[in-house]
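Written below as structure tokens is the structure these notes are about.
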Amino acid sequence: MAFYYEEPSHTFGEYLLVPSYSSVLCTPENTNLRTPLCRFKKGEESPLSINVPLVSAIMQAVSDDKMAVALAREGGVAFIYGSQSVSAQAEMVRRAKAYKAGFSPSDSNIMPDQTLEDILRLREKTGHSTVAVTHDGTPTGKLLGMVTSSDYRPSRMERNVKVKEFMTPIDKLIFAYEGISLKEANNIIWDHKLNALPVISKEGNMIAFVFRKDYDSHKENPLELLDAQKRYIVGAGINTRDYEERIPALVEAGADVLCIDSSDGFSEWQARTLAFVRQRYGETVKIGAGNVVDRDGFRFLADAGADFIKVGIGGGSICITREAKGIGRGQATAVIEVAKARDEYFEQTGIYVPICSDGGIVLDYHITLALAMGCDFCMLGRYFARFDESPTSKVLINGVYMKEYWGEGSARAKNWQRYDMGGGAKLSFEEGVDSYVPYAGSLRDNLAATLAKVRSTMCNCGAFTIDELRQKAKLTLVSAASISEGGAHDVLLKDKTAAYREK
């Protein structure tokens, strides 16, 4: 006879934290969000920790090399998506690891025979006013000139005028050659009152920009996540089909941590993949696994050698696994049970295996709830997809800017490996949707606001660290009526009043 759970499973939105005593020293500035990313033995430290408890999802619409750099700069880790060719993913890892703080690869590029109209479209798409003019319009083409907002006035120029007619040509630009230090580059910027300094190779190919505006921001990144060679920490996703080819390529490219990307991690396929890593690399290669939603799934992957374990099935905003297959569990209940299993495993073996809550985060405070319930860090997709740094296009929908966002189980992603159970090389049916999310601007600004809320709530609970939050947290289930009570109610909001007047 089938096993039935006695209690229904719950989501984060059904819980609230009850405040505890906090001292005058318990302020957001005194909190510490550092958390372990990989397994470690009792009495030791994790070989890899992150400075903020957030990582980005292994998705085409979320995590590429640009996201990897941006998130590592803020203290987290991005897992570059694996639903692409091995060589393409390895190259993304290589670019992220080669990125030097302060040197920004040019992501706004144009050819000299293109027009002002193309410049305006490019600026609307990227939000950047500084454009490199290269012979082939690529980020590494031969630099012929540069265009900034001071080089053109759309109100006084024809839209079909060619870029070469109003750009600042290379012979009138101040530039530097590859190999210059960041300090030297910044000195040139300040001495010549520049906003941007192009850095080129000895052959004249574009390498990067150094921007004046980045000078202060680099001083403001005390949490940036770096390896021993002062390079950004970069993660990468893999599958259980081509791992024998993909893993060596990613390791050679410099990936610091890998993660098996699958909707269901409680399978022999994942055990085989983990065994391959341990047999070939021992403990030198760090690899997470998942996803699971209960104690049995956690124990299986922990025993198989996973460095961390992802928790959650069907809770993502673009995931329809529960709808399509009837498989999954409320995210809060899953995290609570797996966290208990992790602590039990630690007591029995002396090995701590961090867990990651993947999916179900709708509001910022859900992150704090997940941490209080026992997860070590959270993986977010929709959250990061909204930012400038995600790889998708910004589009105008009904007068509002949006970013494209699609699930790895959608027909668009064609990521059959993630949902494969040993069948053919295709998606039998979809487990994700194609959608839009509201454009939110830069990752840095939004992440700062989110983490401020997490830190503030920790102080309400009297906790200085994530581990202390887990020990001190008091959680209560809430009714539908109390959820309604928690938002604005019984008032007419001013913005709606204004909208009513305009009608």
Side-chain angles (χ1 to χ4, degrees), residues 65-67 69-70 72-74 95-96 98-154 157 161-221 224 232 387-389 394 441-445:
D65 51 306
K66 186 177 179 181
M67 178 62 73
V69 170
R73 185 180 288 153
E74 303 303 324
R95 286 200 301 267
Y99 186 92
K100 294 172 65 177
F103 293 83
S104 302
S106 179
D107 53 9
S108 291
N109 309 281
I110 204 161
M111 292 185 290
D113 286 329
Q114 290 182 263
T115 65
L116 175 59
E117 180 68 28
D118 296 318
I119 286 282
L120 297 177
R121 287 177 181 172
L122 185 60
R123 181 171 181 174
E124 182 177 345
K125 177 182 177 181
T126 65
H128 301 147
S129 58
T130 300
V131 179
V133 183
T134 58
H135 81 286
D136 58 359
T138 68
T140 56
K142 185 174 182 180
L143 184 66
L144 303 178
M146 190 169 77
V147 174
T148 68
S149 56
S150 61
D151 290 318
Y152 59 87
R153 293 187 66 179
M157 296 170 62
V161 61
K162 293 188 181 299
V163 170
K164 61 185 177 184
E165 296 181 27
F166 60 88
M167 71 180 188
T168 302
I170 185 73
D171 58 1
K172 293 185 179 180
L173 283 177
I174 295 173
F175 57 86
Y177 285 106
E178 185 179 14
I180 189 173
S181 70
L182 182 59
K183 182 177 181 180
E184 292 169 334
N186 280 318
N187 285 338
I188 293 174
I189 287 174
W190 288 101
D191 290 343
H192 295 275
K193 300 180 180 179
L194 305 175
N195 288 320
L197 176 71
V199 179
I200 63 175
S201 68
K202 293 216 175 354
E203 293 76 28
N205 291 334
M206 185 67 190
I207 299 295
F209 277 117
V210 178
F211 292 101
R212 173 188 287 262
K213 64 181 176 60
D214 286 343
Y215 178 80
D216 290 332
S217 68
H218 290 301
K219 299 290 185 181
E220 297 169 0
N221 288 317
E224 62 183 356
Y232 287 123
F387 303 146
D388 290 320
E389 293 81 2
K394 184 172 69 173
S442 74
L443 179 149
R444 180 180 177 83
D445 293 342

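Numbers here are sequence positions counted from 1. Everything numeric here is computed off the predicted structure, so don't read it as measured data.
For Glu389 (side chain) and Ala70 (main-chain N/O), no donor-acceptor pair under 3.5 Å exists by modelled atom type. Side-chain N or O atoms of Asn186 include none that pairs as donor or acceptor with a backbone N or O of Lys183 at under 3.5 Å.
Residues Pro154 and Leu120 share a closest heavy-atom pair of CG-CD2, 4.0 Å. Counting all heavy atoms, side chain and backbone alike, Pro105 lies closest to Phe103 at CD-O, 3.5 Å. The two atoms that bring Ile180 and Ala185 nearest to each other are CD1-N, 3.7 Å, heavy atoms only. Scanning both residues, Ser106 and Pro139, for their nearest heavy atoms gives O-CB, 3.2 Å. Listed here is the closest heavy atom pair of Ala132 and Leu143: CB-CD1, 4.1 Å. When every heavy atom of Ser150 is checked against every heavy atom of Thr148, the shortest pair comes out as OG-OG1, 2.9 Å.
Residues satisfying the salt bridge (Lys or Arg N to Asp or Glu O under 4.0 Å) test with Glu124, not counting sequence neighbours, are none. Judged as a side chain to side chain contact (heavy atoms under 4.5 Å, CB included), and not counting sequence neighbours, the contacts of Lys193 are Arg212. Taking the side chain to side chain contact (heavy atoms under 4.5 Å, CB included) definition, one finds that Ala96 meets it with Asp65, Ala68, Val69, Val234, sequence neighbours left out. Under the rule for a salt bridge (Lys or Arg N to Asp or Glu O under 4.0 Å), the partners of Asp107 that lie at least two apart in sequence or sit in another chain are Lys66.
To the nearest 0.5 Å, the span separating CG on Asn109 from CE on Met146 amounts to 12.5 Å. The structure places CE of Met111 at 9.5 Å from OG1 of Thr138, a figure rounded to the nearest 0.5 Å. Note that CG of Asp388 and CZ of Arg444 are 14.0 Å apart. Values are rounded to the nearest 0.5 Å. In this structure, CZ in Arg123 is found 15.0 Å from CG in Asp118, a value given to the nearest 0.5 Å. Atom-to-atom distance recorded for Ile110:CD1 and Leu144:CG is 12.0 Å, nearest 0.5 angstrom.
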Just distance, no hydrogens or angles: give the donor-acceptor pairs under 3.5 Å from side chains in residues 162-179, sequence neighbours left out.
| unit_1 | atom_1 | unit_2 | atom_2 | d |
| --- | --- | --- | --- | --- |
| Lys162 | NZ | Asp113 | O | 3.4 |
| Lys164 | NZ | Asp113 | OD1 | 3.0 |
| Thr168 | OG1 | Asp151 | OD1 | 3.2 |

Which pairs of donor and acceptor atoms, one on a side chain in residues 195-210, lie under 3.5 Å apart (sequence neighbours left out)?
| unit_1 | atom_1 | unit_2 | atom_2 | d |
| --- | --- | --- | --- | --- |
| Ser201 | OG | Glu203 | N | 3.3 |
| Ser201 | OG | Glu203 | OE1 | 3.3 |
| Ser201 | OG | Gly204 | N | 3.4 |
| Ser201 | OG | Asn205 | N | 3.0 |
| Asn205 | OD1 | Lys142 | N | 3.4 |

